[in-house]
Amino acid sequence: NAGVMQNPRHLVRRRGQEARLRCSPMKGHSHVYWYRQLPEEGLKFMVYLQKENIIDESGMPKERFSAEFPKEGPSILRIQQVVRGDSAAYFCASSPPFRESNNEQFFGPGTRLTVL
Amino acid sequence: AQKVTQAQTEISVVEKEDVTLDCVYETRDTTYYLFWYKQPPSGELVFLIRRNSFDEQNEISGRYSWNFQKSTSSFNFTITASQVVDSAVYFCALSEAWMDTGFQKLVFGTGTRLLVSP
């Protein structure tokens with residue numbers, strides 16, 4: 001059973017470009033979380049999604065950031081018009097439906113975004 | 001609001017020394033979960049332990065042990081006989097109880113960087 005997969009592992013963008021980060025949850029997992037880790041900081045919650053629904057996006061910046069988790073395919077975190085301050089590691093985590101989850105989130109290896 | 005404090009930014013020890021990483025948390029929930037994760041230089045997050053608020057028994061796993069004390073809102077992590085491979089950033093995290101949607105947000109501390117030298 002493959003773990004949570006994220007790609008790309010490293011992404012370099014110039015200011016003003018778009019960044020798309022992909023997350024494939026573990027098989028059977030229907031819940032996806034995105035976290036951001038700024039340099040030398042802990043992880044901060046961004047958004048929680050279930051299939052086709054955004055449940056909580058209280059940690060998402062109000063502008064330029066969006067997330068989706070379509071019925072088919074990976075979850076996508078999209079950052080439009082990137083700025084240098086967006087440089088960070090973005091981690092995805094997944095969990096099964098909550099009655100089965102035993103309260104554990106499984107983390108992917110992260111995508112390191114560098115904005116030049 | 002929930003909060004996790006890891007006051008030690010960086011700790012340096014020599015191999016074979018014991019080291020304790022502190023974690024203090026704040027929450028209004030009566031049911032909550034505490035976690036420790038390891039982030040080695042390669043950057044991934046490695047799950048170490050999960051503990052729920054009703055279980056105050058200390059836990060030992062090999063050279064690792066955890067001391068959970070609700071009275072002081074602390075969940076400290078001790079590595080016995082440290083090794084160079086233990087060098088990493090260690091994060092303590094807290095999650096609130098389940099909501100009907102299954103939402104369970106993790107709140108992380110800022111991490112403690114552990115450097116173990118030979």
Side-chain angles (χ1 to χ4, degrees), chain A residues 3-6 8-11 23 25-26 29-51 53-60 69 88-114, chain B residues 1-10 21-25 27 29 31-55 88-115:
Chain A
V4 178
M5 301 182 66
Q6 290 188 249
R9 294 291 306 275
H10 299 274
L11 182 62
C23 169
M26 287 179 69
H29 287 194
S30 54
H31 299 203
V32 166
Y33 303 78
W34 285 94
Y35 293 83
R36 177 166 68 172
Q37 184 181 24
L38 293 170
E40 306 301 321
E41 293 188 15
L43 281 72
K44 295 266 174 43
F45 167 78
M46 298 180 75
V47 62
Y48 165 57
L49 310 101
Q50 295 177 13
K51 282 285 187 182
N53 285 306
I54 296 174
I55 306 301
D56 187 298
E57 54 182 346
S58 57
M60 287 276 270
F69 189 16
Y90 292 83
F91 288 91
C92 168
S94 73
S95 67
F98 84 100
R99 294 191 193 283
E100 304 169 22
S101 91
N102 200 25
N103 224 77
E104 186 171 350
Q105 295 176 24
F106 296 80
F107 280 85
T111 294
R112 268 108 191 125
L113 172 65
T114 301
Chain B
Q2 298 185 319
K3 185 179 178 182
V4 175
T5 300
Q6 295 181 256
Q8 304 150 308
T9 306
E10 184 170 308
L21 283 60
D22 297 333
C23 173
V24 174
Y25 62 90
T27 180
D29 293 326
T31 302
Y32 52 89
Y33 298 83
L34 295 163
F35 302 78
W36 276 94
Y37 288 88
K38 174 182 179 180
Q39 188 174 43
S42 51
E44 73 273 22
L45 276 177
V46 179
F47 168 80
L48 295 178
I49 189 171
R50 174 185 63 249
R51 176 52 50 88
N52 76 55
S53 53
F54 296 113
D55 182 3
V89 180
Y90 291 86
F91 291 100
C92 180
L94 166 72
S95 76
E96 56 198 7
W98 291 116
M99 299 176 71
D100 290 341
T101 56
F103 177 44
Q104 180 227 350
K105 177 175 72 176
L106 286 173
V107 176
F108 284 82
T110 51
T112 297
R113 182 179 301 276
L114 175 65
L115 300 170

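Side chains are part of it too, since the values below use all heavy atoms of this structure and drop only hydrogens, waters and symmetry mates. Keep in mind that this is a model prediction, so the values were computed, not measured. Order of the sequence lines fixes the chain letters, A, B, ..., with proteins taken first and strands second; residue numbering starts at 1 for each chain.
Each of B:Leu45, B:Thr110, B:Val46 has some count of heavy-atom pairs under 4.5 Å with chain A, and the biggest count is that of B:Leu45.
Around CE of A:Met60, the count of heavy atoms belonging to other residues, nucleotides or ligands within 6.0 Å exceeds 12. Other residues, nucleotides and ligands contribute more than 12 heavy atoms inside 6.0 Å of the NZ atom of A:Lys51. A 6.0 Å sphere centred on CD of A:Glu40 holds no more than 12 heavy atoms belonging to other residues, nucleotides or ligands. Annotation: B:Arg113, atom CZ; neighbour count of heavy atoms from other residues, nucleotides and ligands within 6.0 Å does not exceed 12.
The heavy-atom pair separating B:Glu44 from A:Phe91 by the smallest distance is CA-CE2, 4.5 Å. Looking at every heavy atom in both residues, B:Tyr37 comes nearest to A:Gln105 through OH-O, 3.9 Å.
Heavy-atom distances place the side chain of B:Gln39, and not its backbone, under 4.5 Å from chain A.
In this structure a side-chain-to-backbone donor-acceptor pair under 3.5 Å is present from A:Tyr35 to B:Leu106.
Residues satisfying the side-chain hydrogen bond (donor to acceptor under 3.5 Å, both in side chains) criterion with A:Gln6, sequence neighbours excluded, are absent altogether.
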